[in-house]
Amino acid sequence: MPMPMSDPNAWATAMNNLGMAPMSMATQQLMPDFDPNLGMMTGITPMNPMMQGLGMMPPPMEMPIIKEIIHCKTCTLFPPNPNLPPPAIRERPPGCKTVFVGGLPENATEQLIVEIFGQCGEIIAIRKSKKNFCHIRFAEEFTVDKALFLSGYRIRLGSSTDKKDTGRLHVDFAQARDDLYEWECRQRMLAREERHRRKIEEDLLRPPSPPPIVHYSDHECSQLGDKIKDDGSFPDAVRVLLTWVERGEVNRRNANNFYSMIQSSNSHIRRLLGEKSTHEKEMEEAKEKFKTALSGILGQFEQIVSVFQAASKQKAWDHFSKAQRKNLDVWRKQAEEIRNMHNEQLMGIRREEEMEMSDDDMESSHLADGKDLEDPGVSQVETLKEENDSLRCQLDAYRNEVELLKQEQGKNQPIRSEEDTTHSQQLSFLQQALQGMQKVGHEHTCTHAQARTHEATASSVVSCSQEKEGVPEKNLPHSPVQSEREALLVGIISTFLHVHPFGASIEYICSYLQRLDTKINTGEVESLLSRLPCTFRQELSGVGASLEKRWSFCGFEGIRSTS
């Protein structure tokens with residue numbers, strides 16, 4: 001909507017007060033010498049030396065903006081009183097591009113409105129009312145802020161002082177459907193872009209899809225058979241085999257190929273069981289290593305506690321100061337607490353082991369150990385038996401298939417040459433496999449026979465050893481326990497030392513026994529313990545002056561050495 005400019009300098013001065021370059025309706029600068037860095041126009045004398053943009057440093061935010069007179073072609077705009085409060089405005093609607101302009105003169109025309117507000121920016125539409133107000137819709141949102149700058153100005157048409165030619169402008173935000181619709185469309189577009197961006201990020205972070213399953217063919221089947229036999233490619237190959245079977249790729253022509261692949265899959269069970277036993281063995285070794293380390297740590301804690309106990313005795317305690325005694329007492333209590341905590345942990349591990357291994361399990365383990373020591377070839381014999389049984393089952397399966405194919409060939413005459421070649425190939429394949437299985441079975445049978453002979457020899461050796469063991473009691477050495485009272489003492493002392501895994505002194509043992517019988521003396525108990533080296537063991541503990549002899553129970557280790 002073109003319109004001539006009446007007084008560009010006045011409008012430029014007003015726009016300069018906002019710190020913005022004066023824009024024409026074509027969004028071009030009215031003054032080409034406007035310097036945006038300084039916020040002012042060269043060649044225009046400022047009315048106030050404290051105006052915004054005059055200095056190099058920006059003015060304080062609370063300094064009011066000085067409005068000046070704006071001269072237009074057909075009207076003049078006078079600024080409001082600077083002492084009056086700023087006009088009230090409503091809350092800005094989202095995406096607002098429309099302003100409400102009230103207080104227009106009665107003789108105001110649409111051309112006058114364009115002349116005043118056209119310099120703020122491009123005007124799309126003007127809806128003028130008969131009651132001295134109108135709505136102006138701009139093309140951009142930022143032009144609304146420029147239009148609000150004119151709120152409060154008094155307008156006068158020409159030089160007339162008639163009431164119909166004067167008014168006071170009131171500019172405020174207006175709510176329009178078109179603005180709201182465009183804003184909602186823009187928000188939806190931004191939301192779509194955000195969703196698209198997030199989807200791209202999720203696709204980048206998403207793990208790659210598994211490779212597609214190849215379709216069945218003779219070539220792929222032969223390659224899959226080799227992959228199934230390999231331990232590294234077995235999981236992927238089994239997945240492909242499962243997919244083929246579920247798709248229904250099995251028929252009479254390729255049934256043998258699928259059977260061989262399934263048979264190869266079955267042979268991996270033994271490998272998996274072996275891996276499981278290996279991991280279990282490693283776990284047991286780790287447990288045993290932890291228990292050994294914990295025992296060593298507990299022994300060192302015992303030594304530390306013994307040091308504090310020795311320092312607490314009267315001959316050393318009197319030489320320490322009061323503060324040192326207090327610290328020693330605190331350290332001793334802490335060391336004893338830590339020692340007791342680790343001791344309870346070790347005893348808990350031992351109780352768990354005892355609960356896991358019952359008496360029957362212990363007997364079976366001892367028998368198994370004895371068999372391994374007597375005959376190391378028993379495990380090999382059992383392995384050969386299992387292999388021989390599996391080979392027999394495979395041999396029987398091949399024989400049955402050969403018989404079925406022979407019967408089918410005898411009953412039904414082939415119609416096409418392809419079926420002839422297929423049946424002949426299957427028959428030759430099964431015959432070759434049968435011959436190979438017979439050879440392997442014969443070798444395993446021979447090996448099994450040799451193993452049986454070795455087993456019989458071992459059993460005879462065992463029986464002979466048992467006969468030798470059955471000698472009369474006259475040749476046996478004399479028992480170290482000479483009376484029922486000594487046997488009772490051995491049982492009581494064994495029970496007492498079993499709950500003291502780190503041993504006890506002979507005085508401690510005698511003090512416990514004297515509660516039961518006051519006639520028991522130290523020499524009798526010590527001689528009895530010395531006569532049973534496989535049941536009780538004497539150890540030295542401590543350092544220097546705190547050196548002490550302790551007796552411990554070693555019956556669990558002694559029964560293995562005597563057997």
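Here the structure is a predicted model, which means the values were calculated and not measured.
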Take atom [atom1] of [X] as the centre, draw a 6.0 Å sphere, and report whether it contains more than 12 heavy atoms from other residues, nucleotides or ligands.
X	atom1	value
Lys229	NZ	no
Tyr181	OH	no
Arg198	CZ	no
His500	NE2	yes
Glu220	CD	yes
Glu194	CD	yes
Arg197	CZ	yes
Glu140	CD	no

Euclidean distance, [Y] [atom2] relative to [X] [atom1], rounded to 0.5 Å:
X	Y	atom1	atom2	answer
Gln187	Leu180	CD	CG	10.5 Å
Asn107	Cys75	CG	SG	12.5 Å
Leu112	Phe117	CG	CZ	9.0 Å
Leu148	Arg92	CG	CZ	7.5 Å
Ser217	Trp244	OG	CH2	6.5 Å
Lys291	Gln345	NZ	CD	13.0 Å

### Task
Over 60° means perpendicular and under 30° means parallel, so classify the ring planes of His135 and Phe133, tilted if in between.
perpendicular

### Task
Evaluate the ring planes of Phe301 and His342, with Trp represented by its six-membered ring, and classify them as parallel (under 30°), tilted (30 to 60°) or perpendicular (over 60°).
tilted

### Message
Checking Glu141 against Arg186 for the salt bridge (charged side-chain N to carboxylate O under 4.0 Å, His left out) test, could you report, in this order, the C-alpha distance in whole Å, the side-chain angles of both residues, the deciding distance, and whether it holds?
### Response
CA-CA 13 Å; Glu141 293 186 20; Arg186 187 165 61 255; 2.9 Å; yes

### Message
Using only atom types and a distance under 3.5 Å, with no angle test, would you say the side chain of Arg325 pairs donor to acceptor with the backbone of Phe320?
### Response
yes

### Query
What pair of heavy atoms forms the shortest contact from Lys67 to Pro80, and how long is it?
CD-CD, 4.0 Å

### Query
Salt bridge check: are Glu182 and Arg137 linked by an N-O gap of less than 4.0 Å?
yes

### Query
Name the one of Arg332, Gln334, Lys333 that satisfies side-chain hydrogen bond (donor to acceptor under 3.5 Å, both in side chains) with Glu336?
Arg332

#### Entry: Pi-cation contact, Phe100 with Arg90 (under 6.0 Å, within 45°)
no

### Message
So, applying side chain to side chain contact (heavy atoms under 4.5 Å, CB included) with Glu193, which one of Arg195, His196, Met189 is it?
### Response
Met189

### Task
Under the salt bridge (charged side-chain N to carboxylate O under 4.0 Å, His left out) rule, what do Lys227 and Asp230 come out as? Steps first, then yes or no, please.
CA-CA 5 Å; Lys227 291 180 181 179; Asp230 187 11; over 6 Å; no

### Task
Classify the side-chain pair Gln223/His219 by whether it contains a donor and acceptor separated by less than 3.5 Å.
yes

### Query
Cut-off 3.5 Å, side chains only: do Asn343 and Asn340 have a donor facing an acceptor?
no

